[in-house]
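Working notes, beginning with the structure itself.
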Amino acid sequence: MTSTTNLAVALPAAQRERLMRIAREVSFDAGARLFEEGRRADRFWIVRTGTVALDLHVPGRRAAVVASLGQGELVGWSWHFPPHVWHLGGEAMSPVRAFEFDAEAVRAMCAQDAGFGRAIAVWVGRAVADRLHASRVRLLDLYAPYGSGSPA
């Protein structure tokens, strides 16, 4: 099943090509932190290869992994909404190659072109909804007496 947040599915070809014009190729070693919850969100990534785990700070416990993202997936949505602060943390679970985007540049592109801005907003909104659902299910699995109740 292909995720609706996967770049190839989420954005029409014209908007996808426009976004990719400002992409920068980056790589991260396994265990590298891409971003930390509570810090400034000034960029985002699309995974080319590897896996990025999203985690959530849980007081008195180690961070809970709430989602894993792979090829074509959007990593990071906090850059799109003020105050532009990460809501989760992110770590490379394996060597990761990704496209990196400067958040300020993309927000400026969105402001200049309403069609592009809407496409990006819908894409990012889908990612927020997916991450919220994944976080809820994962936290219930970890901490609720009977888990989330959803089939495995």
Side-chain angles (χ1 to χ4, degrees), residues 2-140 142:
T2 303
S3 169
T4 59
T5 61
N6 187 293
L7 180 65
V9 174
L11 289 179
Q15 280 86 0
R16 188 171 54 245
E17 290 169 15
R18 184 166 180 204
L19 180 64
M20 292 307 296
R21 284 187 212 126
I22 65 165
R24 183 173 80 95
E25 292 187 35
V26 296
S27 60
F28 300 95
D29 294 330
R33 297 293 294 177
L34 280 69
F35 52 97
E36 295 291 342
E37 183 177 349
R39 297 221 178 132
R40 187 170 151 254
D42 60 355
R43 66 198 71 230
F44 64 95
W45 302 266
I46 297 170
V47 177
R48 294 180 62 210
T49 61
T51 304
V52 175
L54 300 179
D55 54 42
L56 177 66
H57 174 75
V58 180
R61 299 178 184 251
R62 67 175 202 230
V65 173
V66 295
S68 296
L69 306 174
Q71 184 178 14
E73 293 286 359
L74 170 64
V75 177
W77 57 265
S78 302
W79 62 272
H80 192 65
F81 302 104
H84 310 295
V85 173
W86 293 116
H87 288 76
L88 300 169
E91 183 174 321
M93 298 307 291
S94 64
V96 171
R97 291 177 41 209
F99 292 114
E100 183 177 85
F101 300 86
D102 177 86
E104 190 172 321
V106 175
R107 288 193 304 265
M109 291 167 64
C110 291
Q112 292 168 357
D113 178 340
F116 179 80
R118 182 181 188 296
I120 294 294
V122 168
W123 177 43
V124 173
R126 285 182 181 146
V128 172
D130 284 358
R131 309 292 152 71
L132 178 61
H133 177 73
S135 296
R136 179 186 179 280
V137 169
R138 182 67 176 138
L139 291 174
L140 285 172
L142 290 172

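Here the structure is a predicted model, which means the values were calculated and not measured.
- Under the side-chain hydrogen bond (donor to acceptor under 3.5 Å, both in side chains) criterion, Asp102 pairs with no residue, sequence neighbours left out.
- Scored by the salt bridge (charged side-chain N to carboxylate O under 4.0 Å, His left out) test, Glu17 finds no partners at all (sequence neighbours excluded).
- From Ser78, atom OG reaches atom NE2 of His87 across 5.0 Å, with rounding to the nearest 0.5 Å.
- A donor-acceptor contact shorter than 3.5 Å is absent between the side chain of His57 and the backbone of Ala63.
- Partners of Arg40 by side-chain hydrogen bond (donor to acceptor under 3.5 Å, both in side chains), not counting sequence neighbours, listed by chain and number: Asp42.
- No donor-acceptor pair under 3.5 Å is formed between the side chain of Ser94 and the backbone N or O of Gly50.
- At least one donor-acceptor pair under 3.5 Å links the side chain of Arg16 to the backbone N or O of Leu11.
- Atom CE of Met93 has 12 or fewer heavy atoms from other residues, nucleotides or ligands within 6.0 Å.
- Sorted by first then second residue, the salt bridge (Lys or Arg N to Asp or Glu O under 4.0 Å) pairs that include residues 74-83, not counting sequence neighbours, number zero.
- For the residue pair Ile22 and Met109, the shortest heavy atom distance occurs at CD1-SD, 3.6 Å.
- Scored by the side-chain contact (heavy atoms from CB on, under 4.5 Å) test, His133 finds Val137 as partners (sequence neighbours excluded).
- Partners of Arg48 under the salt bridge (charged side-chain N to carboxylate O under 4.0 Å, His left out) rule, at least two apart in sequence or in another chain, are Glu25.
- Residues Val75 and Ile46 fail the side-chain proximity criterion, which asks for heavy atoms closer than 4.5 Å.
- Under the 30°/60° scheme for interplanar angles, the aromatic rings of Trp45 and Phe28 are found to stand perpendicular.
- Here the closest non-hydrogen pair linking Ala103 and Trp79 is CB-CB, 3.6 Å.
- Remark: His80 pairs with no residue by the ring pair (Phe, Tyr, Trp, His ring centres under 6.0 Å) rule, at least two apart or across chains.
- Remark: Glu91 pairs with Arg33 by the side-chain hydrogen bond (donor to acceptor under 3.5 Å, both in side chains) rule, at least two apart or across chains.
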Leu54 and Leu69: CA distance, side-chain angles, deciding distance, side chain to side chain contact (heavy atoms under 4.5 Å, CB included) verdict: CA-CA 8 Å; Leu54 300 179; Leu69 306 174; 3.7 Å; yes

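- Taking CG of Leu34 as the start and CG of Leu88 as the end, the distance is 12.5 Å to the nearest 0.5 Å.
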From CA spacing to verdict: side chain to side chain contact (heavy atoms under 4.5 Å, CB included), Val52, Val96: CA-CA 7 Å; Val52 175; Val96 171; 4.0 Å; yes

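- Between atom CH2 of residue Trp77 and atom CG of residue Asp130 there is a gap of 12.0 Å, rounded to the nearest 0.5 Å.
- Under 4.0 Å is where a charged nitrogen must lie from a carboxylate oxygen, and between Arg18 and Asp113 at least one such pair does.
- In plain terms, the two heavy atoms of Gln15 and Ala119 that are nearest each other are CG-CB, 3.8 Å.
- Closest of all the heavy-atom pairs between Ala92 and Asp29 is CB-O, 3.4 Å.
- Pairs engaging residues 97-118 under the ring pair (Phe, Tyr, Trp, His ring centres under 6.0 Å) rule: Phe44-Phe101 [sequence neighbours left out].
- Remark: Pro95 engages Ala30 in a side-chain contact (heavy atoms from CB on, under 4.5 Å) (not counting sequence neighbours).
- Not a single side-chain hydrogen bond (donor to acceptor under 3.5 Å, both in side chains) links Arg118 to another residue, sequence neighbours left out.
- Remark: Glu104 engages no residue in a salt bridge (charged side-chain N to carboxylate O under 4.0 Å, His left out) (not counting sequence neighbours).
- In terms of modelled atom types and a separation under 3.5 Å, the side chain of Glu37 and the main chain of Gly89 share no donor-acceptor contact.
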